[in-house]
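Scroll down for the structure; my scribbles are underneath it.
From a predicted model like this one, the values you see are computed outputs, not experimental measurements.
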Amino acid sequence: MYLKTQLEWNVLISPENLDPNGLMLQRSIIIRLLEEFANRKATKDHGYFLSMTTLEKIGEGKIRPESGDVLFPVRYNCLTFKPFKGEVLKGVVDRIVKHGVFLICGPVGNVFLSVRTMPDYQYVHGENPTFMNNESSKIEKGGVVRFVVLGTKWVETEKEFQVLASLAGDFLGPVA
């Protein structure tokens with residue numbers, strides 16, 4: 001699900017980027033904030049950071065005595081993506097193995113669709129393995145699949161979510 005989130009962050013500006021007129025200072029703060037935002041991947045509470053939308057407030061700077069750098073508190077809005085249990089999403093098939101299918105869904109690179117959660121689909125091995133059902137519906141590498149999220153797990157060390165998916169339900173499966 002896409003979420004609009006308001007966050008607060010501290011931006012550190014070095015003395016050479018300070019400008020008495022204020023215009024270059026504001027530009028330096030925005031550039032530094034965008035750089036730091038681009039380096040943040042995701043958090044457990046907010047999901048994957050996609051885009052910063054608006055800058056709400058730049059607070060009063062505090063000088064750090066040891067370096068002369070100035071720390072500015074900043075409040076901004078951003079767009080995030082976080083998968084939720086029960087949500088229906090689409091993903092692109094990345095890999096097919098005997099036990100299931102690995103999908104990529106936007107920034108979520110680890111979606112697993114187990115063979116146990118794909119009713120009526122059988123594994124077909126070969127050079128390009130696929131899953132097929134009785135209606136000749138085929139799940140193959142590079143194809144798009146609509147699925148429901150069974151559960152999510154946050155992996156702190158990787159700063160990403162793992163998603164367990166299912167095709168049990170109406171209108172789920174390969175998208176033509």
Side-chain angles (χ1 to χ4, degrees), residues 1-97 100-114 117 141-166 175:
M1 178 178 297
Y2 292 98
L3 304 169
K4 182 180 177 186
T5 307
Q6 189 171 84
L7 298 172
E8 293 185 5
W9 193 252
N10 291 319
V11 177
L12 195 63
I13 301 296
S14 61
E16 55 267 9
N17 291 328
L18 296 174
D19 175 35
N21 298 332
L23 290 176
M24 292 304 290
L25 175 61
Q26 185 175 11
R27 182 176 183 266
S28 296
I29 292 170
I30 292 169
I31 288 171
R32 184 77 176 138
L33 179 62
L34 287 170
E35 288 170 353
E36 291 179 15
F37 183 84
N39 291 328
R40 293 179 80 184
K41 184 176 180 180
T43 64
K44 182 178 182 179
D45 295 332
H46 298 106
Y48 293 90
F49 297 106
L50 301 178
S51 172
M52 189 166 31
T53 55
T54 56
L55 179 62
E56 293 292 319
K57 180 183 176 190
I58 299 174
E60 188 174 324
K62 294 181 178 74
I63 299 172
R64 299 181 114 186
E66 63 276 356
S67 63
D69 294 343
V70 182
L71 190 67
F72 290 92
V74 176
R75 187 171 58 228
Y76 62 94
N77 292 323
C78 65
L79 187 64
T80 63
F81 177 78
K82 184 176 179 183
F84 288 98
K85 182 178 179 180
E87 185 175 16
V88 175
L89 299 170
K90 289 181 186 176
V92 177
V93 177
D94 184 44
R95 275 184 333 203
I96 297 177
V97 295
V101 177
F102 289 93
L103 305 165
I104 296 173
C105 176
V108 184
N110 199 353
V111 179
F112 182 64
L113 184 56
S114 171
T117 63
K141 183 176 172 124
V144 177
V145 177
R146 184 179 297 119
F147 61 90
V148 64
V149 176
L150 287 181
T152 63
K153 177 182 174 186
W154 172 252
V155 182
E156 184 65 38
T157 56
E158 302 294 323
K159 298 279 189 225
E160 68 180 16
F161 287 92
Q162 292 179 340
V163 175
L164 184 59
S166 172
V175 178

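Legend: residues meeting side chain to side chain contact (heavy atoms under 4.5 Å, CB included) with L55, ordered by chain and number and at least two apart, are I30, L33, I58, V74, Y76. Under the rule for a side chain to side chain contact (heavy atoms under 4.5 Å, CB included), the partners of R75 that lie at least two apart in sequence or sit in another chain are Q6, E8, E56, K57. For K41, the salt bridge (charged side-chain N to carboxylate O under 4.0 Å, His left out) partners at least two apart in sequence or on another chain are E160. Listed by chain and number, the residues in a salt bridge (charged side-chain N to carboxylate O under 4.0 Å, His left out) with E35 are R32 (sequence neighbours excluded). Remark: K159 engages E156 in a salt bridge (charged side-chain N to carboxylate O under 4.0 Å, His left out) (not counting sequence neighbours).
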| Should V108 and Y48 be marked as a side chain to side chain contact (heavy atoms under 4.5 Å, CB included) after you check the CA-CA gap, both sets of side-chain angles, and the distance that decides it? | CA-CA 8 Å; V108 184; Y48 293 90; 3.5 Å; yes
| message | Could you walk me through whether F112 and Q162 satisfy the side chain to side chain contact (heavy atoms under 4.5 Å, CB included) test, starting with their C-alpha distance in whole Å, then the side-chain angles of each, then the deciding distance to 0.1 Å, before giving a yes or no? | response | CA-CA 8 Å; F112 182 64; Q162 292 179 340; over 6 Å; no
| side chain to side chain contact (heavy atoms under 4.5 Å, CB included) between R95 and L103, intermediate numbers included | CA-CA 7 Å; R95 275 184 333 203; L103 305 165; over 6 Å; no
| task | Before giving the answer on side chain to side chain contact (heavy atoms under 4.5 Å, CB included), spell out for N110 and V163 the whole-Å C-alpha distance, their side-chain angles and the decisive distance to 0.1 Å. | result | CA-CA 6 Å; N110 199 353; V163 175; over 6 Å; no
Show me, pair by pair, the donor-acceptor contacts under 3.5 angstrom made by side chains of residues 79-91, not counting sequence neighbours?
residue	atom	partner	partner atom	Å
T80	OG1	L3	O	3.4
T80	OG1	H46	O	3.0
K82	NZ	K44	O	3.0
K82	NZ	D45	O	3.3
E87	OE1	M1	N	3.1
E87	OE1	F84	N	3.1
E87	OE2	M1	N	2.7

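Closest approach of C105 and V111 over heavy atoms only: CB-CG2, 4.1 Å. Contact between F161 and G47 at its shortest, heavy atoms only, is CE1-CA, 3.7 Å. Closest of all the heavy-atom pairs between F49 and C78 is CD2-SG, 4.1 Å. Nearest heavy-atom pair across P15 and S67 is CG-O, 4.1 Å.
Formation of a donor-acceptor pair under 3.5 Å by the T117 side chain with backbone atoms of A165 is found in this model.
In this structure, the separation between CG on N10 and CD on E36 is 9.0 Å, given to the nearest 0.5 Å. Here T5 contributes atom OG1 and L50 contributes atom CG; the two are 9.5 Å apart, rounded to the nearest 0.5 Å. Here the CD-NZ distance, from E60 to K62, works out to 7.0 Å after rounding to the nearest 0.5 Å. One distance of note links CG of L12 with CZ of F72; it measures 9.5 Å at 0.5 Å rounding.
Within 6.0 Å of the CG atom in L71, the count of heavy atoms belonging to other residues, nucleotides or ligands exceeds 12.
In this structure, I29 and I13 have side chains that are in contact, with non-hydrogen atoms separated by less than 4.5 Å.
Using a 3.5 Å distance cut-off with no hydrogens or angles, the side chains of T54 and N77 do pair a donor with an acceptor.
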